[in-house]
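The next block holds one structure in the form of structure tokens; read it before the comments.
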Amino acid sequence: MQFKNPEILYALLLLIIPIIIHLFQLRRFKKVAFTNVQFLKRVTLKTRKSSQLKKWLTLLTRLLLFGCIILAFAQPYLSNTDSFSTENETVIYLDNSFSMQAKGENGNLLNRAVQDILEQLNMDEEISLFTNNSSFKNTTLKAISNDLIKMDYSPDQLSYEAAILKGKELFSDNENSIKNLILISDFQQKAEASIALKDSFTKLKLVKLIPSSITNIAIDSVYISKETTENLELSVKVNNSKDDTQSVAVSLFNDEKLIAKSAINLDSSGQTENQVVFTIPRDIKFDGRLSIEDASLQYDNTLYFNLGNAEKIKVLSINQADDGFLRKLYSEDEFEYTSINFDQLDYNRLLNQNLVVLNELENIPNSLVNALDKFTQEGGTVLIIPSENANVVSYNQMFGTYSLSPFGTLISSEKKVTNINFSHPLFNNVFDKRINNFQYPKVNSFYPTTESSTKTVLSFENGQAYLSENNEVFRFSAALNDDNSNFKNSPLIVPALYNIGKQSLKMGNLYYTIATKNVIDVPVSISQDDILSLQNENGSVIPLQRTYANKVEIITNEYPQKAGIITIKNKDQSVKNISFNYDRTESQLKYLNLENLNNRDNIAVSDSVVSVINEIKSESKVNELWKWFVIFALAFLLIELLILKFLK
């Protein structure tokens with residue numbers, strides 16, 4: 001039992017006053033002469049015994065009466081908290097990611113969680129609540145109930161660590177308050193998933209909502225697996241997490257028109273990838289949509305893509321050496337390749353290119369350096385292949401413009417190219433795994449550099465850079481001619497040089513992923529006052545963009561929020577269509593095991609929103625007892641009156 005006003009308990013010391021009054025009799029007996037002394041002795045004895053009993057009973061009731069009054073004013077209470085005035089703060093994280101579409105015992109997980117919150121919490125109680133894409137601080141359920149009921153799913157999920165940090169920011173600075181942070185999620189297993197509470201003042205409640213069935217079929221991706229002069233073959237990956245073998249139909253639409261439909265027998269081993277192939281004409285505009293029927297997660301049953309929008313990437317090679325290998329790599333079906341001798345170069349042609357290759361030039365004049373500088377400022381990409389007889393001073397002058405380390409004196413020594421920077425964007429999705437027993441290319445001579453590891457794409461066995469990059473300028477440190485290197489015959493040349501060309505104009509994707517940063521190059525020339533907009537059936541927005549001489553660079557991050565096909569417009573004119581899809585990470589229904597976190601470091605784990613809310617209510621509930629002590633005081637007053645009246 002605790003007291004709101006414990007200082008009043010000092011008044012209990014005053015109870016000694018009635019005790020003193022009862023112990024010291026202030027009235028003295030008066031002696032009266034009477035003839036029958038024996039009779040008087042018996043009467044006096046009985047009277048004194050009755051009087052003593054009555055006095056002690058009266059004393060006891062009065063002590064209890066005054067004691068109850070004093071305790072009532074001290075306001076006693078029962079509570080799990082240490083203080084009557086302790087404030088209770090509740091912050092709720094409600095995961096509204098796509099995996100919360102899964103069905104539980106009482107409907108899908110998100111809707112059930114919202115219903116439990118609305119039913120269990122007081123509508124006027126102050127709380128803070130946040131989701132993956134919205135936040136409500138110091139509000140009431142009554143104010144946000146409509147927002148919760150109409151809540152939509154978010155394509156971008158907060159990491160669990162970020163959710164904890166954001167939740168702690170919503171608490172007040174009051175160190176004496178009880179801080180309860182509730183995380184409501186299905187707690188999917190992810191690569192970066194970690195849950196730790198580094199705060200002794202916060203109680204973390206993890207509510208793990210469990211789906212009734214861990215099954216899902218999803219369209220994972222689509223890609224062009226084969227090209228001919230007339231047709232394209234589209235391979236569609238379908239992920240299966242069901243435990244039984246079954247057939248699912250995959251439908252292919254061009255806009256709203258059904259083009260083809262194919263059935264695929266999903267593997268019964270679980271967690272497998274299955275493929276279906278569609279053949280479509282090559283030279284048509286295709287606003288594609290792939291669709292399946294699956295009763296589990298709905299967001300991954302549709303995938304959008306676009307074909308027929310590809311513009312040829314313009315590549316200009318300035319040569320003082322053979323460029324046959326470049327002509328083969330940058331073929332005419334994807335690139336517009338132009339080859340020109342150095343002594344015939346017209347600098348005005350540079351700004352109309354996407355990629356400029358300096359193929360073993362012996363000297364780079366200042367005029368070319370200035371022209372290339374202007375070219376790269378307009379969003380162009382440069383690939384430098386040095387000559388064995390290079391004028392190092394002229395090369396280093398250009399390298400200084402692009403913050404690349406200078407060349408040293410040519411070293412005539414054989415070196416193998418043994419190190420690959422697998423994390424560099426050039427090699428994204430090129431290797432299934434990191435290769436150790438690779439047949440590495442070699443060079444007979446090279447220019448030493450001090451390039452940092454962050455700029456290095458390929459490097460020699462001694463760690464020095466062979467291919468490096470900075471600000472869209474790529475540089476080899478050795479000549480690629482057959483006398484100096486066998487790099488032309490290496491499997492590395494195709495992904496390296498081909499991807500340099502493809503990335504010089506960022507527009508070749510079949511589709512883009514929502515809630516990630518996408519850089520899209522639109523090959524259109526517009527005036528400085530014009531802007532491009534993104535438009536769909538829900539409206540239009542103006543994205544972040546930069547205008548160059550022969551293209552416009554569009555950057556998307558938070559837009560769009562829904563998957564679909566978006567039209568890029570220049571005023572009222574449609575430029576091209578692009579597609580956006582949700583990330584498929586949540587399609588894999590694997591969940592974290594939270595049992596090892598239960599009852600550790602102020603962390604409690606539950607599978608019910610109702611039980612957690614009731615637990616918080618019981619922890620913060622205060623039972624005030626002063627009313628009972630007032631009742632007891634009245635009862636003792638009544639008992640005293642009865643004793644004085646009826647006890648003779």
Side-chain angles (χ1 to χ4, degrees), residues 91-114 116-117 129-134 151-167 181-197 204-221 237-243 270-273 292 294-303 513-516 561-563 581-598 600 603-609 612:
V91 174
I92 300 175
Y93 163 66
L94 182 58
D95 181 10
N96 62 332
S97 60
F98 285 115
S99 63
M100 295 287 282
Q101 288 180 343
K103 300 291 190 300
E105 295 181 356
N106 300 309
N108 77 51
L109 301 182
L110 179 62
N111 291 345
R112 184 67 257 176
V114 170
D116 288 341
I117 291 173
L129 185 146
F130 67 100
T131 65
N132 294 311
N133 56 352
S134 59
M151 181 182 298
D152 204 354
Y153 295 94
S154 169
D156 187 20
Q157 183 183 15
L158 294 172
S159 67
Y160 303 124
E161 183 177 359
I164 293 174
L165 292 175
K166 185 173 181 179
L181 176 57
I182 306 175
L183 267 58
I184 303 174
S185 174
D186 56 353
F187 291 98
Q188 274 202 325
Q189 184 175 349
K190 300 180 181 180
E192 75 284 357
S194 62
I195 301 175
L197 182 65
L204 182 60
K205 316 277 186 184
L206 305 180
V207 182
K208 182 179 180 181
L209 303 181
I210 303 173
S212 56
S213 176
I214 309 178
T215 58
N216 185 44
I217 300 175
I219 300 178
D220 178 77
S221 59
K237 284 186 177 182
V238 181
N239 283 351
N240 171 32
S241 63
K242 289 184 177 292
D243 296 330
Q271 300 298 337
T272 61
E273 289 184 349
I292 61 172
D294 176 46
S296 186
L297 302 185
Q298 301 298 306
Y299 86 99
D300 53 15
N301 292 348
T302 303
L303 188 140
T513 303
I514 291 176
T516 60
Q561 289 291 324
K562 292 186 177 181
N581 292 293
Y582 301 119
D583 189 0
R584 266 27 185 192
T585 304
E586 295 189 65
S587 298
Q588 302 296 327
L589 302 184
K590 297 180 180 179
Y591 303 98
L592 292 174
N593 182 9
L594 304 180
E595 292 302 322
N596 57 336
L597 297 176
N598 199 16
R600 193 187 75 182
I603 299 177
V605 180
S606 176
D607 60 358
S608 170
V609 178
V612 168

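Computed from heavy atoms alone, side chains included, the values below leave out hydrogens, waters and symmetry copies. Residues: numbered from 1 along the sequence shown. Here the structure is a predicted model, which means the values were calculated and not measured.
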Could you tell me the separation between the [atom1] atom of [X] and the [atom2] atom of [Y], rounded to the nearest 0.5 Å?
X	Y	atom1	atom2	result
Gln188	Thr585	CD	OG1	8.5 Å
Ser159	Leu165	OG	CG	8.0 Å
Leu181	Ile164	CG	CD1	7.0 Å
Asn239	Asp220	CG	CG	4.0 Å
Asn581	Ile219	CG	CD1	9.0 Å
Asp300	Ser587	CG	OG	3.5 Å

Q.
Walk me through whether Asp95 and Ile184 qualify under side-chain contact (heavy atoms from CB on, under 4.5 Å).
A. CA-CA 6 Å; Asp95 181 10; Ile184 303 174; over 6 Å; no
Minimum heavy-atom distance between [X] and [Y], given as atom pair plus value:
X	Y	result
Lys166	Ser134	NZ-O, 4.4 Å
Leu109	Leu209	O-CD1, 3.7 Å
Ser99	Asp186	OG-OD2, 2.7 Å
Ala563	Ile514	N-CD1, 3.5 Å
Tyr591	Pro211	OH-CG, 3.4 Å
Glu586	Leu297	O-CD1, 3.6 Å

Q.
Could you go through Gln561 and Asp152, starting from their C-alpha distance and side-chain angles, then the distance that decides it, and tell me whether this counts as side-chain contact (heavy atoms from CB on, under 4.5 Å)?
A. CA-CA 11 Å; Gln561 289 291 324; Asp152 204 354; over 6 Å; no
Q) Given the rule in the side-chain contact (heavy atoms from CB on, under 4.5 Å) test, do Asp294 and Ser296 qualify, once you have shown the distances and angles that lead to the verdict? A) CA-CA 6 Å; Asp294 176 46; Ser296 186; 3.5 Å; yes
Q) Quick check, are the ring centers of Phe130 and Tyr93 under 6.0 angstrom apart? A)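 That pair passes the under 6.0 Å test.
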Q: Sequence neighbours left out, what passes salt bridge (Lys or Arg N to Asp or Glu O under 4.0 Å) with Asp583? Give chain and number order.
A: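 Residues passing salt bridge (Lys or Arg N to Asp or Glu O under 4.0 Å) with Asp583: none at all.
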Q | Any residue meeting side-chain contact (heavy atoms from CB on, under 4.5 Å) with Asn108, in chain and number order, not counting sequence neighbours | A |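 Asn108: side-chain contact (heavy atoms from CB on, under 4.5 Å) contacts with Lys103, Leu110, Asn111, Tyr153.
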Q. What do the steps show when you test Asn132 against Asp156 for side-chain hydrogen bond (donor to acceptor under 3.5 Å, both in side chains), and what is the final call?
A. CA-CA 7 Å; Asn132 294 311; Asp156 187 20; over 6 Å; no
Q: Using modelled atom types only, decide if a donor and an acceptor are shared between the side chain of Lys208 and the backbone of Leu592 within a distance under 3.5 Å.
A: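 Confirmed, Lys208 side chain pairs with Leu592 backbone.
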Q) Parallel under 30°, tilted from 30 to 60°, perpendicular over 60°: which one fits the rings of Tyr299 and Phe98? A)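 Because their plane-to-plane angle is under 30°, the rings of Tyr299 and Phe98 count as parallel.
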Q. Under the side-chain contact (heavy atoms from CB on, under 4.5 Å) criterion, do Met151 and Thr131 qualify, and how do the steps go?
A. CA-CA 10 Å; Met151 181 182 298; Thr131 65; 3.6 Å; yes
Q. side-chain contact (heavy atoms from CB on, under 4.5 Å) with Val612: which of Ile182, Asp116, Leu206?
A.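 Testing each of Ile182, Asp116, Leu206 against Val612, the sole residue satisfying side-chain contact (heavy atoms from CB on, under 4.5 Å) is Ile182.
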